[in-house]
Colleague: 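This is the structure I have questions about; it appears just below.
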Amino acid sequence: MQTVGHSEHTLKTALISKNPELVKQYEQLDPGEQRLLNEAFRPCSDLFGPITLHSPSDWIISHPETPQDFEQFFSNLHRKSPSPGKQTIYIQCIGQILTFLKKKKPEDAFCVVGVTMIDLYPRESWNFVFGQASLTEGVGIFSFARYGTDFYSSHYKGKLKKLERKSSSDYSVFNDYYLPEATSVLLLRSCKTLTHEIGHIFGLRHCQWLACLMQGSNHLEEADRRPLDLCPICLRKLQSAVGFRLRDRYKALVRWIDAESTDTPRVTPKHSREELVTLPKPVEAFKEWKEWVTRCLAVLQK
Ligand SMILES: [Zn+2]
Ligand SMILES: [Zn+2]
C-alpha cells in the first residue's frame with residue numbers, strides 16, 4: 001500500500017510555519033497543546049499517520065490540488081470566520097427542500113446546514129441544483145441517503161418512481177421519501193460528511209498532510225477510510241478560526257458519545273419553533289474513535 005510521505009521538516013513547517021508572528025503565536029499555546037500538535041511531525045506517532053492510497057480513483061490522485069498549510073489558511077482574507085454576533089451553526093433536518101431554500105438565514109447564524117435523507121441527486125444532471133458555491137455563503141444542503149447500508153443494493157426502497165420535473169423549482173418528487181434505518185454506520189458516515197463540509201465553510205481546504213477528516217474523498221470506501229477527526233495542521237486552523245482549548249473540545253466529544261440519546265438536554269435553538277424529538281443515537285461505530293480521543297486527552301494532560 002502506498003502512502004503520501006512528507007518529511008518531518010515539511011510537516012513542521014505546514015503546522016508552525018516560518019512566519020515569526022505565527023511561530024510566536026504557536027509558542028504561546030499551552031505546553032500540552034503544543035505536545036499534541038507536535039505529534040504531526042513526530043516519527044512513528046501512534047495518534048497521526050500518513051494518508052494511504054488504495055486506488056487511482058482516490059481523491060488525491062484524481063483531483064490534484066494545491067495543499068493549504070496553516071499560514072496560507074491564516075492569511076486568507078476571504079475565509080469566513082465567526083464573529084461575536086454570528087457564531088451559531090444551525091443544523092436543520094429538511095423534509096421540505098423548497099421551504100428550506102426559501103427560509104432566511106437567522107441573524108446570529110454563522111452558517112446553516114440542511115441535512116436530509118432524501119437522495120438529492122437521483123440523476124447525475126441534477127448536481128448543479130445544490131452546488132458547492134453555497135458553502136461560501138454559509139448555506140449548504142447535504143444528503144445522507146447514500147450512506148445507508150442498502151442504498152447500493154438492488155432492493156433499495158428509496159428509488160424515485162417518477163423522474164419528470166416540471167420546473168427547476170419543482171421539488172415535489174422528494175415528497176414521501178424513504179427513510180433507511182438509523183444505524184451506527186450511517187450516523188458515523190453522516191457525522192464525517194457534516195463536519196468535513198462545515199470545515200470547508202470555515203475555510204479549511206482539503207488536507208494533503210496526514211490522514212485527516214479534511215481529506216477529499218471520491219467514493220464511499222475512501223470516505224469510510226478517512227478518520228473522524230482532524231490532523232494537527234487542520235486542528236490548528238480550526239482552533240484559530242473558532243478559538244477553543246483542545247482539552248475542552250476533546251472532552252466535549254467524549255461527553256457526546258457517552259451521553260445516552262434520551263439524556264441529551266433538549267436545547268431549543270432561538271429561532272426554531274419546531275418540536276424537538278428524541279432521535280436514536282447508535283454509537284457502536286464510534287468506539288475506536290472514542291479511544292483515540294481519550295489518548296489525545298492523555299497527551300494533553302501529561
Ligand atoms: Zn471536501
Ligand atoms: Zn488535516
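Residues take their numbers from the sequence shown, with the count starting at 1. In each ligand, atom 1 is the first atom listed, and ligand 1 is the first ligand listed.
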Colleague: Checking the side chain of Asn218 only, and the main-chain atoms of Ser57 only, is there a donor and an acceptor separated by less than 3.5 Å?
Modeller: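 Side chain of Asn218 to backbone of Ser57, a donor-acceptor pair under 3.5 Å: yes, one is there.
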Colleague: Does any part of the side chain of Leu253, heavy atoms only, come nearer than 4.5 Å to the side chain of Ile257, both counted from C-beta?
Modeller: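 Contact flag for Ile257/Leu253 side chains = no.
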Colleague: Compute the angle centred on the Zn ion (ligand 1) spanning NE2 of His206 and NE2 of His196, and express it rounded to 10 degrees.
Modeller: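 With the Zn ion (ligand 1) as the vertex, NE2 (His206) and NE2 (His196) sit 110° apart.
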Colleague: May I ask you to check whether Trp256 and Phe286 place their ring centres under 6.0 Å from each other?
Modeller: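 Yes, the ring centres sit under 6.0 Å apart.
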Colleague: How many protein N, O or S atoms sit closer than 2.8 Å to the Zn ion (ligand 2)?
Modeller: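 Protein heteroatoms (N, O, S) closer than 2.8 Å to the Zn ion (ligand 2) number 4.
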Colleague: Would you say that Asp258 contacts Lys290 through its side chain, given a criterion of any heavy-atom pair below 4.5 Å between the two side chains?
Modeller: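 Yes - at least one pair of side-chain heavy atoms lies under 4.5 Å apart.
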Colleague: Evaluate the salt bridge (charged side-chain N to carboxylate O under 4.0 Å, His left out) criterion for residues Glu221 and Arg225: first the C-alpha distance (whole Å), next the side-chain angles of each, then the deciding distance (0.1 Å), finally the verdict.
Modeller: CA-CA 6 Å; Glu221 184 272 322; Arg225 229 189 293 141; 2.8 Å; yes
Colleague: Kindly check if the number of other-residue, nucleotide or ligand heavy atoms within 6.0 Å of CD (Glu291) is above 12?
Modeller: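 More than 12 heavy atoms, drawn from other residues, nucleotides or ligands, come within 6.0 Å of this atom.
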